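Presented below is the structure to which this report refers.
Fair warning: this is a prediction, and the values are worked out from it, not measured in the lab. In what follows, chains are A, B, ... by sequence order, proteins preceding strands, each numbered from 1.
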Amino acid sequence: MLSGAPRLRFAPAPTGLPHLGTARTALFNWLYARHCGGEMVLRIEDTNAELATTAHIEQILETLEWLGLDFDGDPVFQSQRAALYDAAVDRWLDEGRAYLDDGAVRFAVPGDGVTAFDDIVRGRVEFPNASIDDFVVRRSDGSATFFVANAVDDLDLGITHVVRGEDLLNTTPKVVLLRAALDATDMPTFAHLPLIVNKQRKKLSKRRDDVSLISYRDQGVLPAAMVNYLALLGWGPPDDIEVRPLSEIIELFDLADVNAAPAMFDMDKLTAINGEYLRALDDAGFAAAVEPWVRAEPWGADLDAATLSTVAPLIRERTRLLGDAPDRIAFLFAEPQIDPDDWAAAMAAPASDILERARTAFSEAEWSAATLHAELRAIGESFGLKLGKAQAPVRVATTGRAVGPPLFESLVLLGRDAALARLDTALAKLTSAADSGE
RNA sequence: GCCCCCAUCGUCUAGCGGCCUAGGACACCGGCCUUUCACGCCGGCGGCACGGGUUCAAAUCCCGUUGGGGGUGCCA
């Protein structure tokens with residue numbers, strides 16, 4: 001076991017888009033490093049020139065920055081450290097620990113005995129050496145494999161804690177064997193994190209599942225919410241307070257408390273947590289957060305900041321994903337799309353009478369939420385209806401749907417002319433339906 | 001096949017031998033609030049996979065069974 005200040009590394013292979021599982025691994029490494037005041041190194045495992053691309057490296061960097069995970073020192077690129085790995089393989093060849101096999105070099109695993117290591121999450125793990133095949137340490141193109149780079153770099157960089165996904169558990173004895181063959185007298189502390197699985201309880205895969213961090217960002221998940229949610233996958237605070245500031249998570253987090261069982265990714269819970277973060281924003285903060293999504297709409301491109309800041313508070317506590325926000329306020333800036341079901345439900349008698357009288361009242365009333373509210377309440381009462389019922393036809397006529405932001409506040413923003421025009425349109429539609437005998 | 005890991009409400013978790021007639025969160029179902037929805041509040045449903053041990057005492061420790069999952073590449 002290594003002593004001294006903890007030094008961890010996050011070591012992604014840049015062979016694909018940044019992945020939820022990758023992010024969780026990065027986060028747990030980071031949380032632990034920050035928790036104990038240790039160091040956090042970023043190491044890019046680009047030992048396979050065919051698969052690693054600079055685009056993927058940039059996306060990883062971008063994603064880590066989005067999540068707010070920072071690193072100590074410059075990133076280490078394994079592709080630039082080939083000489084170190086070559087020397088190790090040459091040495092093993094010299095010592096007879098490795099041998100040539102059709103142009104590749106394999107490490108000779110002892111035929112008997114066991115290779116064991118201590119894992120914070122799983123306790124002691126032992127592998128019979130007989131179950132480990134002689135594995136390739138140098139490809140026939142001359143490049144060293146992941147196992148070598150891993151063992152050499154963890155040793156060379158003074159890594160004390162190796163924290164990674166359980167899918168790598170079976171490679172650990174190989175790395176341990178190589179590290180020992182490098183004359184290392186100690187081993188890092190391992191922590192193999194439980195896998196994040198899908199509804200079928202299978203490891204998240206980019207083929208089957210939506211695993212791209214970028215996709216969640218684009219749907220309108222806040223990075224802080226994503227980090228908070230990810231921290232809850234395989235770990236839980238002892239005081240049951242799940243949604244909390246990152247500083248508290250850092251304080252409470254410990255690898256020793258990480259669960260061993262796989263955790264299912266639950267979009268519902270992520271969304272709920274995101275909603276909490278959104279609600280915690282003040283009006284200005286929320287307006288700033290939704291702005292990019294609004295700007296992406298045809299009607300939102302030239303929206304002035306004042307309007308945006310007036311509209312945003314109407315939907316803040318109704319929004320769980322920022323990407324859902326534009327749809328809720330589109331009726332204010334474009335002709336409403338009438339939902340047929342909502343229309344049918346809302347326009348039964350006495351809807352046309354209510355619309356008729358609302359139209360008259362609204363054409364003269366002071367254009368404020370309080371006044372419109374009072375007017376429609378009075379109209380509803382004359383039909384023996386509570387406001388909840390009476391507002392329905394007006395809501396569908398002016399917004400297109402039965403549900404939406406507060407009606408009178410919305411009407412104020414819509415403006416009298418547009419509101420009256422929509423009431424007229426609805427009335428005309430009702431009249432023609434009645435004439436045709438429907 | 002072989003090797004490894006795992007097992008508390010539907011889901012994420014708290015629990016690390018007595019505080020547990022198992023707590024919280026999401027989801028779901030009621031109710032309240034109410035200008036719809038949402039928010040908020042109140043309440044409900046729902047779980048220690050099974051079988052053996054150990055112990056005065058087990059969700060907690062041990063063994064087995066069953067059931068999941070991961071790995072088994074000149075990918076990482």
Side-chain angles (χ1 to χ4, degrees), chain A residues 11-16 22 45-48 50-52 78 101-106 119 121-123 125-133 135-147 149-150 164-173 192 194-197 199-203 229 232-243 256-257 259-273 275-276 279 314-320 328 342 346 369 372-373 376-377 380 386-392 394-396 399 401-411:
Chain A
T15 55
T22 308
E45 305 221 324
D46 51 350
T47 51
N48 188 314
E50 286 179 30
L51 299 178
Q78 293 190 324
D101 175 33
D102 287 344
V105 176
R106 286 183 187 275
D119 189 292
V121 178
R122 286 150 219 289
V125 184
E126 299 186 344
F127 291 77
N129 286 337
S131 72
I132 307 171
D133 292 331
F135 52 96
V136 172
V137 287
R138 175 183 285 160
R139 303 184 186 90
S140 47
D141 69 0
S143 61
T145 58
F146 146 80
F147 305 107
N150 213 274
R164 54 193 192 163
E166 196 207 326
D167 51 342
L168 259 10
L169 188 62
N170 295 290
T171 71
T172 303
H192 285 92
L195 259 20
I196 299 178
V197 298
K199 279 195 171 61
Q200 286 71 236
R201 298 249 124 213
K202 307 257 195 235
K203 182 170 78 157
Y229 175 67
L232 265 16
L233 253 28
W235 177 81
D239 59 7
D240 283 337
I241 300 172
E242 294 187 327
V243 178
D257 298 326
N259 248 325
M264 193 191 85
F265 179 79
D266 182 359
M267 186 58 187
D268 282 343
K269 184 143 180 173
L270 204 212
T271 303
I273 290 176
E276 277 204 53
R279 268 175 263 131
L314 260 34
I315 54 169
R316 198 192 73 224
E317 66 185 25
R318 296 169 169 73
T319 305
R320 285 147 68 95
R328 296 170 192 276
D342 286 354
L372 298 178
H373 182 281
L376 192 55
R377 174 184 293 279
K386 290 187 174 181
L387 225 204
K389 287 282 186 192
Q391 57 97 43
V394 176
R395 179 181 290 281
V396 173
T399 74
R401 295 184 203 164
V403 300
L407 180 59
F408 307 111
E409 290 75 358
S410 297
L411 291 176

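Residue A:Leu232 is in sugar-phosphate contact alone, with no base atom involved, counting any heavy-atom pair closer than 4.0 Å across all strands shown. Contact annotation for A:Ala402: base contact, defined as any heavy-atom pair under 4.0 Å involving a base atom. Across all strands, A:Glu126 comes closer than 4.0 Å only to sugar-phosphate atoms, never to a base (heavy-atom distances). Residue contacts shown for A:Phe408 include a base, since a base heavy atom lies under 4.0 Å away. Counting non-hydrogen atoms under 4.0 angstrom, A:Arg401 reaches nothing in the nucleic acid. Among the atoms of the strands shown, only primed sugar atoms or phosphate atoms (P, OP1, OP2) are found under 4.0 Å from some heavy atom of A:Val125. Nucleic acid contact class of A:Gly234 (heavy atoms, under 4.0 Å, all strands): sugar-phosphate only. A:Gly404 comes within 4.0 angstrom of a nucleotide base, judged by non-hydrogen atoms across all strands. Counting any heavy atom pair closer than 4.0 Å across all strands shown, A:Pro406 reaches a base atom.
One finds the NZ atom of A:Lys269 at 9.5 Å from the CG atom of A:Leu233 (value rounded to the nearest 0.5 Å).
A:Arg164 is linked by a salt bridge (charged side-chain N to carboxylate O under 4.0 Å, His left out) to nothing, counting only residues two or more places apart in sequence or in another chain. A:Phe408 meets the ring-ring contact (aromatic ring centres under 6.0 Å, His included) test with A:His373; sequence neighbours excluded. Contacts of A:Phe127 classified as ring-ring contact (aromatic ring centres under 6.0 Å, His included), with partners at least two apart in sequence or in another chain: none.
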Could you walk me through whether A:Phe135 and A:Phe146 pass the ring-ring contact (aromatic ring centres under 6.0 Å, His included) test, one step at a time?
-> CA-CA 11 Å; A:Phe135 52 96; A:Phe146 146 80; 10.0 Å; no
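Using the Watson-Crick or G-U wobble rule with both distances under 3.5 Å, B:C50 pairs with B:G64. Base pairing of B:U72 is made with B:G1, judged by Watson-Crick or G-U wobble geometry with both donor-acceptor distances under 3.5 Å. When both pairing distances are held under 3.5 Å, B:C26 makes a Watson-Crick or G-U pair with B:G10. Here B:C32 sits opposite B:G40 as a Watson-Crick or G-U wobble pair (both hydrogen-bonding atom distances under 3.5 Å).
Residue side chain A:Arg318 reaches the base of B:C37 through a donor-acceptor N/O pair under 3.5 Å, judged by distance alone.
The two residues A:Glu276 and A:Val243 have their closest heavy-atom pair at OE2-CG2, 3.7 Å. Shown here for A:Ala260 and A:Pro194, the closest heavy-atom pair between the two residues is O-CB, 3.6 Å. Taking each heavy atom of A:Arg401 and A:Asp342 in turn, the nearest pair found is CA-OD2, 3.5 Å.
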How does protein reach along nucleotides 21-33 of chain B, written 5' to 3' as B (base within reach of a heavy atom under 4.0 Å), S (only sugar-phosphate), or - (no contact)?
-> --BBBSS------
Protein-proximity profile, nucleotides 70-76 of chain B, B/S/- by nucleotide at the 4.0 Å heavy-atom cutoff, equals BS--BSB
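For the pair A:Glu317 CD and B:C41 P, the computed distance is 12 Å after rounding to whole Å. Rounded to an integer number of Å, the gap from A:Leu407 CG to B:U34 P is 18 Å. Look at CE on A:Met264: it is 15 Å from C1' on B:G68, rounded to the nearest Å. Distance A:Tyr229 OH to B:U11 P: 13 Å, rounded to the nearest Å. Between A:Leu233 atom CG and B:U11 atom C1' the separation is 10 Å, expressed in whole Å. Regarding A:Leu314, its CG atom lies at a distance of 15 Å from the P atom of B:U35, rounded to whole Å. One atom, CD1 of A:Ile132, and another, P of B:C3, lie 12 Å apart when rounded to the nearest Å.
Remark: A:Arg377 is in phosphate contact with B:U35, judged by side-chain N or O atoms under 4.0 Å from OP1 or OP2.
Rounded to whole Å, the C1' atom of B:G64 lies 47 Å from the corresponding atom of B:C42. The C1' atoms of B:U13 and B:G46 are separated by 15 Å, rounded to the nearest whole Å.
Checking A:Arg395 against A:Thr399 by side-chain atom types alone, no donor-acceptor pair falls below 3.5 Å.
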At a cut-off of 3.5 Å, list every protein nitrogen or oxygen paired with a nitrogen or oxygen from nucleotides 15-17 of chain B, distance to 0.1 Å.
none

